[in-house]
Amino acid sequence: VQLQASGGGLVQAGGSVRLSCEASGSTFHWYVIGWFREAPGKEREGVSCIGLSEGSTWYEDSVKDRFRISRDNAKNTVLLQMNNLKPEDTAVYYCAAGITSCDYDVMQARYGLDSWGKGTLVTVSS
C-alpha cells in the first residue's frame with residue numbers, strides 16, 4: 001500500500017488542523033494505520049493508531065484528549081483531527097500502514113508498519 005499524508009500547515013496555539021492519510025490499493029481495510037511525528041532535534045514518536053475498526057484506537061498520552069483518529073475504508077482514508085494545538089505539537093507528521101495491531105508496543109517499536117508516506121509539516125505558533 002502507498003500512502004500520502006496531507007493537511008499540514010501553520011496554525012496558532014489553540015487552533016485545529018485535520019491531517020489526512022490517503023492510501024492506494026484495494027486492501028486498505030486490512031491495514032492498521034499509525035500516525036507518527038518528528039519534531040526538530042527529537043526522535044520520531046507514535047501519536048495515534050487505528051485498527052481495522054474504529055473501536056480499536058490508541059493515543060499517546062499528551063494528545064489523548066485533543067486528537068481523534070478515524071478511518072473511512074470506502075475512501076481509503078484515515079483522518080487525524082487535532083484540536084487545541086500547542087507549540088510542542090510542531091512536527092512533521094507521518095502516516096504508516098501495516099498488517100499488525102494497534103497498541104502501545106507496536107507504536108513504540110513500529111513493528112509491522114512497513115509502508116510509510118511522506119510527511120506533512122504542522123507548525124503551531126504561540
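Model, not experiment: these values are computed from the prediction.
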In terms of hydrophobic clustering (I, L, V, M, F, W, Y; side-chain heavy atoms under 4.5 Å; direct or indirect links), are L52 and I99 co-clustered? no
Rounded to the nearest 0.5 Å, what separation is found between the NZ atom of K118 and the CG atom of L3? 12.5 Å
Let me see the working for D61 and K64 under salt bridge (Lys or Arg N to Asp or Glu O under 4.0 Å), right down to the final yes or no. CA-CA 5 Å; D61 284 346; K64 193 169 292 185; 3.0 Å; yes
Is it true that a side-chain atom of T77 and a backbone atom of K75 form a donor plus acceptor pair closer than 3.5 Å? yes
Can you check whether W35 reaches L19 side chain to side chain, under 4.5 Å on heavy atoms? yes
For the residue pair S16 and N83, confirm or rule out a side-chain donor-acceptor distance under 3.5 Å. yes
What pair of heavy atoms forms the shortest contact from G51 to C102, and how long is it? N-CB, 3.9 Å
Between C49 and G34, which heavy-atom pair has the shortest distance, and what is it? CB-CA, 3.9 Å
Given 3.5 Å as the limit, does a donor-acceptor pair link the side chain of T120 with the main chain of G8, or not? yes
Minimal heavy-atom distance between F28 and D72, with the atoms involved, is CE2-O, 4.2 Å
Side-chain donor-acceptor contact under 3.5 Å, S20 with E22: no
CG on L85 to OG on S126, rounded to 0.5 Å: 13.0 Å
Quick check for you: to the nearest 0.5 Å, what is the distance between D89 atom CG and M82 atom CE? 7.0 Å
May I ask you to decide if A23's main-chain N or O and N76's side chain share a donor-acceptor pair within less than 3.5 Å? yes
In Å and rounded to the nearest 0.5 Å, what is the CZ to CD distance from R37 to E43? 14.0 Å
Inter-residue atom distance I33.CD1 - L79.CG, 0.5 Å rounding: 11.5 Å
Sequence neighbours excluded - disulfide (SG to SG under 2.5 Å) pairs with any residue from residues 63-98: C21-C95
In the hydrophobic clustering (ILVMFWY, side-chain contacts below 4.5 Å, transitive), which residues join Y104, or is it alone? F36, W58, V92, Y94, V106, M107, L113, W116, L121
side-chain hydrogen bond (donor to acceptor under 3.5 Å, both in side chains) involving Q4 - partner list, sequence neighbours excluded: none
How long is the gap from CZ on R18 to CD on Q81, to the nearest 0.5 Å? 6.5 Å
In terms of heavy-atom contacts, does CD of Q2 have more than 12 from other residues, nucleotides or ligands at under 6.0 Å? no
Report yes if the side chains of V47 and Y59 come closer than 4.5 Å at any heavy-atom pair, otherwise no. no
Same apolar cluster (I L V M F W Y, side chains within < 4.5 Å links), V32/F67: no
Determine, stepwise, if the pair S48 / L80 fulfils side-chain contact (heavy atoms from CB on, under 4.5 Å). CA-CA 8 Å; S48 180; L80 185 68; 4.1 Å; yes
